[in-house]
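Everything below concerns the one structure shown next.
To find a chain, count down the sequence lines: A is the first, B the second, and so on, and within it residues start at 1. Below, each value reflects all heavy atoms present in this structure, side chains not excepted, and no hydrogens, waters or symmetry copies.
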Amino acid sequence: MSEVTRETLSSVLEEIALLLEIQGENPFKIRAYRQGAEIVSSFDGDIVARAKDNDLKGIKGIGEALQDKLHELATTGSLEFHQKLRGKYPDTFFDLFDIEGLGPKKIAALHKELGIASIPDLKAACESNKVAGLSGFGKKTEQKILEAIERREKFADRFLLHTATAAAETILERIRSHPDVLRAQWAGSLRRSKETIGDLDFIAATSKPADLTAWFSELDIVTDVIVHGDTKCSIRLENGLQCDLRAVSNEQYPFALQYFTGSKEHNVAIRSRALKQGLSLNEYGFTAAGKTTPHEPIPTVHDERDIYRTLGLDYIEPELRENHGEIEASEDGSLPRLIELENLRGTFHNHTTASDGVATLEEMAEAAIDLGLRYLGIADHSKASFQANGLDEERLAKQTEEIAEWNRQRGDELWIFSGTEVDILKDGSLDFSDDTLASLDYCVASVHASFTLDEKTMTKRIIQAMENEHVTMLGHLTGRLLLRRDEYAVNHEKIIDCAAETRTIIELNCNPRRLDMDWRWWRKARDKGVLCSINPDAHRPEQFQFLRFGIGIARKGWLRRKDVLNTFTLDEVKDYLGTPKAKRSL
DNA sequence: GCCGTTTTCGGCCCGACTGTTTTCAGTCG
């Protein structure tokens, strides 16, 4: 039996939810399984060990039935209930849920009537016009399914943050400049600063909603109109990105913005809180709920703050709205004051033409000055990263001298810290000697090869690097490339504990392809006293702009100004780096 | 299937839009 992981537990529950949907089960039962999957995957602690020990009592959302199932799954590696449900469905069957416009009912019908159990099956059935004949289906549905299959092959179903942000800025500007629009904002996962984006949501306040959705459907950027009604319009851009506009009245606007910002989990919790106060909350406003009438008249709401205030809550920043404890913290006034872009005074981990960057040291420095930064860290690759033209000791020494010369000439404008992004070799040793590392201001240590080690070996490898006195910070912890390459196996808890113990900074690599370490771990790291450095990993001057995405992720990870190295003043950074590692503190 | 200082049973969010229907089921968010 293969090792049962958190992901196993979570994905089995998720699959059960899908199968129950197919069977037309009670939607609330389905939701319970789905919530169970979510709870398991974000549980703060060793959920697998707890499941093995049958010690799941008291976890909200995991009742008796799920406790038993998780215990069985964790101890035996499989779950009879799940196996029985799965019955005759092959693995490929679950791909059908990715097809836009297909839900459990239609998928069940396709499977029952035509034996369809994979996307190729479905494509063939549509092409031979078998689907249009089914009850509840028709010509148009068949055509739409074919288009959705084609789109799935052609485009990613999610987009990186910088792609989505660039599109969103253009579109929002056009919406806001429309004469009938009073105010507008993007909502959804982009506003919450998720690491990847499925589609864009815009909310606009207007007294002429139908006119606005009609205008939106005819924009020159539209390649396809997905839906178009009087208050809502969904279009698709050339790159496949779907954009939804919802046109509401000015009174409804804050409610719509709050509602469509989500997350769904946050909203469910917020709405149930409202219900306890006798208020029903939806995307249009507060209404008196059921039989009970609110004790006081429903207050007027002008913006999102008023909604939270009405519910007795401090304002919750969009990035925090994941139902990961923000509502409780809001209630008792313990929400953090989140870091802001303006707090950043510098950046570490940037490349130049010395290794695989496309701009010289001077060009990078000038760009940093233009951006208003006070200091800049250079960290080119080390020699083991041959493919990236990594520096050997000699070239590194030369670069260090160039940097010293810059600091003598223009250090008052911009101070440059000389560093390296040293490879953590397969055995956990570093690509430079301690003496070489000691000649630098700081050192980023990263894994660039041997990604396939098992979790234990990989974790040990990285920990060994962090234990080095000269390793200031750990680069892109998991090596993931979003939408392209999975993270390698590494035990986050152990790395975080080790970072706290050895005073090693963990990088928040804010290249939108990475956004690594993941936002879900930062709050825990912060609480253990681990310092963060927000690093763009810039290979060209424009990539300093990635810092904004790093701020979004840091905010999502509950980080405050004081938790991030590059909010320090130049003198503070010099002090920090000049202090022996073991004596450094927040 | 989960939950509860109103509840151990009866709630659990629901509105917009589309396509296939001929008044509504299914999907989506």
Side-chain angles (χ1 to χ4, degrees), chain A residues 13 16-17 20-22 24-39 56-70 81 96-110 131-145 147-148 187-189 192 198-203 209-210 213 217 225-235 242-248 252 255-287 289-292:
Chain A
L13 294 186
I16 290 172
L20 293 177
E21 270 189 314
I22 288 284
E25 254 286 4
N26 174 358
F28 299 107
K29 186 192 271 196
I30 294 161
R31 189 207 279 176
Y33 276 98
R34 197 152 274 147
Q35 263 171 357
E38 174 62 28
I39 290 162
L56 297 168
K57 212 171 178 157
I59 302 175
K60 199 160 177 270
I62 308 285
E64 271 182 48
L66 262 65
Q67 285 172 35
D68 290 346
K69 290 188 171 73
L70 287 170
F81 177 70
L96 294 171
F97 287 89
D98 287 348
I99 301 296
E100 226 179 305
L102 287 190
K105 294 280 159 52
K106 286 209 162 87
I107 290 174
L110 289 165
V131 170
L134 294 182
S135 158
F137 292 74
K139 262 277 157 233
K140 272 197 160 166
T141 306
E142 191 173 77
Q143 192 53 39
K144 288 213 158 180
I145 291 174
E147 284 167 15
S189 52
R192 298 202 315 282
D199 52 29
L200 299 179
D201 296 286
F202 299 92
I203 313 295
T213 57
S217 73
V225 177
I226 303 161
V227 295
H228 176 196
D230 286 347
T231 62
K232 168 183 173 171
C233 179
S234 294
I235 55 114
Q242 179 180 328
C243 307
D244 299 349
L245 171 70
R246 286 181 169 82
V248 295
Q252 293 166 339
F255 294 98
L257 184 60
Q258 196 282 331
Y259 184 90
F260 289 107
T261 295
S263 67
K264 200 170 67 188
E265 293 75 16
H266 174 88
N267 284 350
V268 167
I270 287 290
R271 285 195 301 271
S272 86
R273 189 184 169 87
L275 277 176
K276 282 182 193 147
Q277 299 182 24
L279 290 169
S280 169
L281 173 64
N282 65 17
E283 63 263 54
Y284 302 116
F286 281 126
T287 49
K291 293 155 257 172
T292 47

Practice task
State the CG-CG distance between A:D244 and A:D199, to the nearest 0.5 angstrom.
Solution key: 5.0 Å
Handout entry: Sugar-phosphate, base or nothing in reach of A:N267, heavy atoms under 4.0 Å
Key = nothing
Exercise for the section: Using a heavy-atom cut-off of under 4.0 Å over every strand shown, decide if A:L66 touches base, sugar-phosphate, or nothing. Expected result: sugar-phosphate
Practice task
Using a cut-off of strictly less than 4.0 Å, decide whether A:K69 has a side-chain nitrogen or oxygen near OP1 or OP2 of B:dG1.
Solution key: yes
Problem - Under 4.0 angstrom between A:Y284 side-chain N/O and B:dA16 OP1 or OP2 - result: yes
[X] has a side chain; which of [options] sits nearest to it?
X	options	answer
A:R31	B:dC2, B:dC13, B:dA16	B:dC13
A:R271	B:dG1, B:dC17, B:dC13	B:dC13
A:T141	B:dC13, B:dT20, B:dC2	B:dT20
A:K144	B:dA16, B:dG1, B:dG19	B:dG19

Whole-Å [atom1] distance, [N] and [M]:
N	M	atom1	answer
B:dT21	B:dT27	P	14 Å
B:dG1	B:dT6	C1'	23 Å
B:dC28	B:dC13	C1'	14 Å
B:dT23	B:dC17	C1'	16 Å
B:dT7	B:dC2	C1'	14 Å
B:dA25	B:dT20	C1'	9 Å
B:dG10	B:dA16	P	31 Å

Round to a whole Å and report the spacing from [atom1] of [X] to [atom2] of [N].
X	N	atom1	atom2	answer
A:E142	B:dT18	CD	C1'	17 Å
A:K60	B:dG1	NZ	C1'	14 Å
A:L281	B:dC13	CG	C1'	10 Å
A:Q143	B:dT20	CD	C1'	16 Å
A:F28	B:dC12	CZ	P	7 Å
A:I62	B:dC2	CD1	P	8 Å
A:E64	B:dT8	CD	C1'	12 Å
A:I59	B:dC3	CD1	P	10 Å

Handout entry: Exam field: side chain A:N282 to backbone A:G285, donor-acceptor pair closer than 3.5 Å
Key = yes
Handout entry: Over all atoms of both residues, closest heavy-atom pair of A:K106 and A:T141
Key = CE-CG2, 4.1 Å
Handout entry: Closest contact, heavy atoms only, A:A109 versus A:F137
Key = CB-CE1, 4.0 Å
Handout entry: Position toward the 5' end of DNA chain B (nearest nucleotide), A:F137 or A:G229
Key = A:G229
Practice task
Could you check which nucleotide pairs with B:dT18 in any of the strands shown, counting Watson-Crick or G-U wobble with both distances under 3.5 Å?
Solution key: B:dA25
Problem - Pairs flagged by salt bridge (charged side-chain N to carboxylate O under 4.0 Å, His left out) wherever residues 59-68 of chain A is involved - sequence neighbours left out - result: none
Handout entry: Ion pair check, A:R34 and A:E21, cut-off under 4.0 Å
Key = yes
Practice task
Output yes when A:E142 and A:K139 qualify as a salt bridge under the 4.0 Å nitrogen-oxygen rule, no when they do not.
Solution key: yes
Exercise for the section: Mark up nucleotides 22-29 of chain B, 5' to 3', with B wherever a protein heavy atom is under 4.0 angstrom from a base atom, S wherever such an atom reaches only the sugar-phosphate, and - elsewhere. Expected result: ----SSSB
Practice task
Is it possible for you to check whether A:R246 lies under 6.0 Å from the centre of the six-membered ring of A:F202, through NZ or CZ, and within 45° of that ring's axis?
Solution key: no
Practice task
Find out whether A:L20 and A:Y33 are in side-chain contact, i.e. whether some heavy atom of one side chain is under 4.5 Å from a heavy atom of the other.
Solution key: yes
